[in-house]
Amino acid sequence: PYTAVSVGDFFDKARAISLGLDAIGLQRGDKVGLIADVGPQWLPISMGITAIGGVDVPRGTDATAQELLYIFKHADCPIIILENEKVYANISASLGEFANLKTIIFVNGAQPQVPGSIKVLGLDAIIESGRAAHAANPGRYAELGSRVGESDLVTIIYTSGTTGNPKGVMHTHKSLCWEVWHVADALPITPGGVTMGFLPPWHVAERLIESVAFTRGVAIAFTSVATL
């Protein structure tokens with residue numbers, strides 16, 4: 001059975017993630033690797049990153065070690081967020097090659113051994129820190145959001161790499177919103193309905209479907225291709 005998440009709970013979590021990332025030093029324009037599979041977890045993380053000017057760099061947990069190594073080095077991410085230890089195992093031997101990496105955040109709260117120069121945190125700790133920051137300074141979230149411009153990068157989506165190294169496709173807030181509003185206006189979407197999310201989170205079509213659903217008040221029921 002599905003577990004319902006209200007708009008209020010979703011926003012509270014996304015805002016807490018934003019402020020938790022702000023507390024550990026995320027700056028406008030910083031790239032954040034986000035390696036997770038489709039589902040309700042990755043959406044508030046993505047919005048938590050981008051709402052304050054961060055740039056998410058998404059990929060699924062089935063990405064190969066070679067793909068992740070290339071993407072993290074090319075994007076020069078100071079923070080990466082990993083769904084679990086399986087993903088970490090793919091890159092652990094190569095951490096020394098990520099010159100700008102400062103923090104790894106595990107969605108499942110894992111605490112593996114990492115080089116001393118890198119901080120390890122669980123997502124729950126980021127959320128707790130963000131909620132405390134909001135209680136202490138309720139205006140901080142709006143202040144950070146006001147600095148984000150429409151021409152700022154919002155995401156870098158890397159291609160599958162079947163014809164060579166993955167190519168980073170850059171979307172600004174303006175370009176992504178342009179797509180969302182044109183699709184939302186063109187389709188007969190009824191507020192209060194339900195759509196299904198099952199494509200990988202780094203797939204631009206999934207990103208577009210989810211964003212259109214949000215703008216039209218449509219719920220997203222997450223599953224996966226394997227369980228359809």
Side-chain angles (χ1 to χ4, degrees), residues 5-36 40-59 71-72 75-83 98 100-107 109 118-157 168-181 201-202 204 207-208 210-215 217 220:
V5 178
S6 71
V7 173
D9 288 344
F10 181 95
F11 173 72
D12 173 76
K13 187 173 185 178
R15 180 180 61 196
I17 291 170
S18 288
L19 294 173
L21 291 173
D22 175 51
I24 64 170
L26 180 69
Q27 300 293 312
R28 177 184 169 197
D30 279 350
K31 283 77 173 180
V32 180
L34 175 52
I35 313 304
Q41 282 279 30
W42 100 273
L43 264 179
I45 299 173
S46 172
M47 291 195 177
I49 295 166
T50 59
I52 60 172
V55 181
D56 70 23
V57 183
R59 199 69 170 185
I71 290 169
F72 288 151
D76 196 27
C77 302
I79 300 171
I80 59 176
I81 302 174
L82 306 178
E83 185 166 309
F98 307 147
N100 197 35
L101 179 60
K102 299 177 178 64
T103 306
I104 300 176
I105 300 168
F106 283 89
V107 175
I118 299 173
K119 182 180 291 187
V120 175
L121 297 167
L123 182 63
D124 286 347
I126 292 291
I127 292 171
E128 183 179 349
S129 169
R131 286 175 175 153
H134 179 64
N137 184 1
R140 178 64 175 169
Y141 183 65
E143 176 192 344
L144 292 168
S146 69
R147 302 174 185 176
V148 181
E150 64 177 19
S151 62
D152 290 348
L153 274 183
V154 66
T155 188
I156 303 177
I157 301 173
V169 180
M170 299 184 292
H171 264 294
T172 64
H173 286 268
K174 183 177 183 178
S175 65
L176 195 60
C177 287
W178 185 92
E179 290 185 356
V180 169
W181 287 115
W202 55 271
V204 71
R207 187 74 163 259
L208 184 60
E210 292 166 358
S211 300
V212 168
F214 273 111
T215 65
I220 307 168

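Basis for what follows: all heavy atoms, side chains included, without hydrogens, waters or symmetry-related copies. If you read the sequence from its start, that first residue is 1, and numbering goes on from there. These numbers come from a predicted model, not from an experiment.
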Taking the side chain as everything from C-beta on, heavy atoms only, tell me whether [X] gets closer than 4.5 Å to [Y].
X      : Y      : answer
Arg28  : Val148 : no
Ile52  : Asp22  : yes
Ile127 : Lys13  : yes
Thr103 : Leu121 : yes
Arg207 : Leu176 : yes
Glu210 : Leu43  : yes
Phe72  : Leu101 : no
Val55  : Val32  : no

>> List the residues meeting side chain to side chain donor-acceptor pair (under 3.5 Å) with Asn100, not counting sequence neighbours, and say none if there are none.
In response: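 Side chain to side chain donor-acceptor pair (under 3.5 Å) list for Asn100, sorted by chain: Lys102.
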
>> Which residues pass the side chain to side chain donor-acceptor pair (under 3.5 Å) test with Thr172, not counting sequence neighbours?
In response: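 Listed in chain order: Ser175.
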
> Which is it for His171 and Leu153 under the side-chain contact (heavy atoms from CB on, under 4.5 Å) test, yes or no, and what are the steps along the way?
Replying inline: CA-CA 6 Å; His171 264 294; Leu153 274 183; 5.9 Å; no

> Backbone N or O of Ser46 within a donor-acceptor pair of the Thr50 side chain at under 3.5 Å?
Replying inline: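 Here the side-chain-to-backbone pair exists.
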
> Okay, side chain of Asn137, backbone of His134: is any donor-acceptor separation there less than 3.5 Å?
Replying inline: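 Between the backbone of His134 and the side chain of Asn137 there is no qualifying donor-acceptor contact (under 3.5 Å).
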
Distance-only donor-acceptor pairs under 3.5 Å for side chains of residues 76-83, two or more places apart:
residue	atom	partner	partner atom	Å
Glu83	OE1	Asp37	N	2.8

>> Let me confirm one number: the OG-CD1 distance from Ser211 to Ile220, rounded to the nearest 0.5 Å.
In response: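 So the OG of Ser211 and the CD1 of Ile220 are separated by 8.0 Å.
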
> What distance separates Met170 CE from Ile156 CD1, expressed to the nearest 0.5 Å?
Replying inline: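 Here the interatomic distance stands at 6.5 Å.
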
> Are side-chain N/O atoms of Asp56 and Thr155 paired as donor and acceptor at under 3.5 Å?
Replying inline: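 There is such a pair (donor and acceptor under 3.5 Å, judged by atom type) between the side chains of Asp56 and Thr155.
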
> What residue pairs, at least two apart or across chains, pass salt bridge (Lys or Arg N to Asp or Glu O under 4.0 Å) with a residue in residues 41-50?
Replying inline: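 For residues 41-50: none.
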
> Does the pair Asp30 and Ile49 meet the rule for a side-chain contact (heavy atoms from CB on, under 4.5 Å), with working shown?
Replying inline: CA-CA 9 Å; Asp30 279 350; Ile49 295 166; over 6 Å; no

>> Once side chain to side chain contact (heavy atoms under 4.5 Å, CB included) is applied, do any residues pair with Asp12, and if so which ones, sequence neighbours excluded?
In response: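 Scan of Asp12 (side chain to side chain contact (heavy atoms under 4.5 Å, CB included), adjacent residues dropped) gives Arg15, Arg131.
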
>> To check you understand the geometry: which heavy-atom pair defines the closest contact between Ala14 and Met47, and what is its length?
In response: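 Heavy atoms only, the tightest pair is CB-CB, 4.4 Å.
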
>> For Gly20 versus Ser129, what's the shortest heavy-atom pair and its separation?
In response: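 Looking at all heavy atoms of both residues, the closest pair is CA-OG, 4.3 Å.
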
> Which word best sums up how the rings of Phe10 and Phe214 line up, parallel for under 30°, tilted for 30 to 60°, or perpendicular for over 60°?
Replying inline: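 Phe10 and Phe214: tilted rings.
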
>> Please evaluate residues Leu34 and Val57 with respect to the criterion side-chain contact (heavy atoms from CB on, under 4.5 Å), reporting the C-alpha separation (whole Å), side-chain torsions for both, the decisive distance (0.1 Å), and the verdict.
In response: CA-CA 6 Å; Leu34 175 52; Val57 183; over 6 Å; no

> How would you list, by chain and number, every residue that makes a ring-ring contact (aromatic ring centres under 6.0 Å, His included) with Trp178, sequence neighbours excluded?
Replying inline: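 Trp178 satisfies ring-ring contact (aromatic ring centres under 6.0 Å, His included) with His182 once adjacent residues are dropped.
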
> Take atom CD in Glu128; do more than 12 heavy atoms of anything else shown fall under 6.0 Å from it?
Replying inline: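 No, the 6.0 Å shell around CD holds no more than 12 heavy atoms from other groups.
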
>> As a quick check of understanding, evaluate side-chain contact (heavy atoms from CB on, under 4.5 Å) for Ile71 and Arg59, giving each step before the final call.
In response: CA-CA 9 Å; Ile71 290 169; Arg59 199 69 170 185; 4.0 Å; yes

